[in-house]
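As structure tokens, the structure follows; a few thoughts come after it.
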Amino acid sequence: MIGIYLAMIPEEDDKRKFERIYADYKDMMFKAANVILNDTYLSEDAVQQAFLRIMKQLNCIDKIDSQKTKNFITIVVRNVARTIYTLYKKDFEHWVDDSVLIDLPAEYDLEEDIIAKDDVDFILKVINSFPEVYREVLILKYFHTLKDKEIADVLHISNSTARKRLQRAREMLKERGIDVQ
Amino acid sequence: MRKIKITADEFGKVLSIYNDIFLKTHFQDVPVHHFSDDFNNKMDKMIKPSSSSPRLKKRAVIIFAVAILIISGFSVNIGATREPILDFIVKPHKECSDIIFFEPEGEVEPNRKFRVGYIPDGLVLDRVGDKPSPEEFMSLYYIGENKKWLSVKRFIFKDCNVSIDTEDAECTELRMDNGCGALVVKKNGDVMIVYVKGKYYYDVCGNIGYDEIKKVAESMD
């Protein structure tokens with residue numbers, strides 16, 4: 001019986017975690033999806049599919065109310081939305097998703113002087129110029145420190161595709177003079 | 001071209017900065033969206049099963065435990081029937097056959113008495129041969145009317161190569177419920193069954209016919 005009891009605790013924790021994520025992030029997720037799909041019905045569909053993925057990847061989420069979690073959820077929902085877009089809106093072949101690009105501010109919080117600010121500026125510009133498929137694998141790998149298999153699960157791609165994307169993203173960084181060791 | 005060497009950890013921190021800027025740019029103020037009834041219903045269904053999941057989980061654990069018990073029961077049975085099955089090779093020659101048994105593993109249970117469960121009517125015990133360790137050889141010799149005889153022998157099986165007299169005889173493979181070995185039928189009507197069961201070699205022979213010899217062999221424990 002102890003085994004059963006112990007097995008139930010993480011289940012309850014996961015349930016509470018999932019309910020909180022749903023309550024806190026569903027609106028943000030809708031916005032993230034709608035920026036890409038511009039369609040209420042499809043965006044809601046994307047949010048629902050994203051929740052199904054998140055449900056399976058709850059171990060990747062530590063603190064719910066954090067920028068990291070917010071970023072993780074955004075990556076998932078945008079990834080789902082992009083998949084739906086390619087399925088339903090094939091006519092827009094020349095569509096370029098620049099919705100995610102950001103205007104880099106002159107000032108930002110730099111917790112530690114890890115590297116020179118000039119270098120940070122440069123790296124941010126490079127990352128900002130990357131297609132989202134490569135940017136998201138880099139973020140999942142180096143910011144969320146996920147394993148290749150976990151990245152594949154989050155993005156619903158095969159392990160080999162995840163590895164190839166990562167390899168290509170690293171090559172693109174190197175081509176721009178950034179060597180991640 | 002600019003060259004930057006950066007560790008994975010430092011790169012992660014730069015990505016963290018990128019993430020902060022990204023979220024501030026796009027999700028600083030998120031308007032409340034009124035989701036459709038269809039969406040709410042689907043999400044309710046998604047969340048509700050997890051609220052009843054402890055009960056389902058408990059049921060699943062019980063089912064799993066029962067399944068393990070059943071499988072364990074089958075495993076015991078399989079072990080019991082597998083034990084006496086030993087491979088062997090029969091090499092027929094003109095005068096004799098070499099029966100090659102695979103050598104058994106493990107320790108032999110010392111001084112284990114054996115019991116012959118079935119002796120045909122009319123046969124009486126005439127001689128007993130008993131040689132204790134290391135072979136633990138035991139021999140029972142029965143006689144009856146019309147010069148009927150039956151010999152039952154058992155000893156610890158050590159040599160994996162047993163030679164038996166098969167002159168004027170036919171030697172074939174034999175598998176029984178409690179062991180496997182060879183059947184030797186001589187032209188004069190004598191029948192011999194030799195087989196290995198566990199750590200022991202058994203030898204049953206006589207002139208009482210194949211069916212009776214087989215019954216005796218199968219009754220030995």
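Per chain, numbering begins at 1; letters A, B, ... match sequence-line order.
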Any donor-acceptor pair under 3.5 Å linking the side chain of E44(A) with the backbone of S36(B)?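 Indeed, once roles are kept as given, a pair shorter than 3.5 Å links the two residues.
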Whether the side chain of D27(A) engages the backbone of P31(B) through a donor-acceptor N/O pair (distance < 3.5 Å, no angle test) should be reported.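 No, D27(A) side chain to P31(B) backbone: no donor-acceptor pair under 3.5 Å.
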I'd like to check [X] versus [Y] (side-chain heavy atoms, cut-off strictly below 4.5 Å). Are they in contact?
X	Y	value
L23(B)	Q67(A)	yes
F11(B)	I127(A)	yes
K13(B)	V120(A)	no

Quick one: what part of [X] sits under 4.5 Å from any heavy atom of chain B, side chain, backbone, both or neither?
X	result
K141(A)	neither
L173(A)	side chain
T145(A)	neither

Approximate separation, where rounding is to 0.5 Å, of [X] [atom1] and [Y] [atom2]:
X	Y	atom1	atom2	answer
R176(A)	K3(B)	CZ	NZ	12.5 Å
F122(A)	I4(B)	CZ	CD1	5.5 Å
Y25(A)	F27(B)	OH	CZ	11.5 Å
N34(A)	H33(B)	CG	NE2	7.5 Å
D44(B)	Y22(A)	CG	OH	6.5 Å
D119(A)	I6(B)	CG	CD1	8.0 Å

Residue pair Q48(A), M43(B): steps toward the side-chain contact (heavy atoms from CB on, under 4.5 Å) verdict: CA-CA 7 Å; Q48(A) 197 202 342; M43(B) 286 308 296; 3.8 Å; yes
Given Y18(B), which of L138(A), L124(A), I123(A) fulfils the side chain to side chain contact (heavy atoms under 4.5 Å, CB included) condition?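 Single pass found, and it is L124(A).
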If you count heavy-atom pairs under 4.5 Å with chain B, which of T40(A), V47(A), D45(A) comes out on top?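 Heavy-atom pairs under 4.5 Å are most numerous for V47(A).
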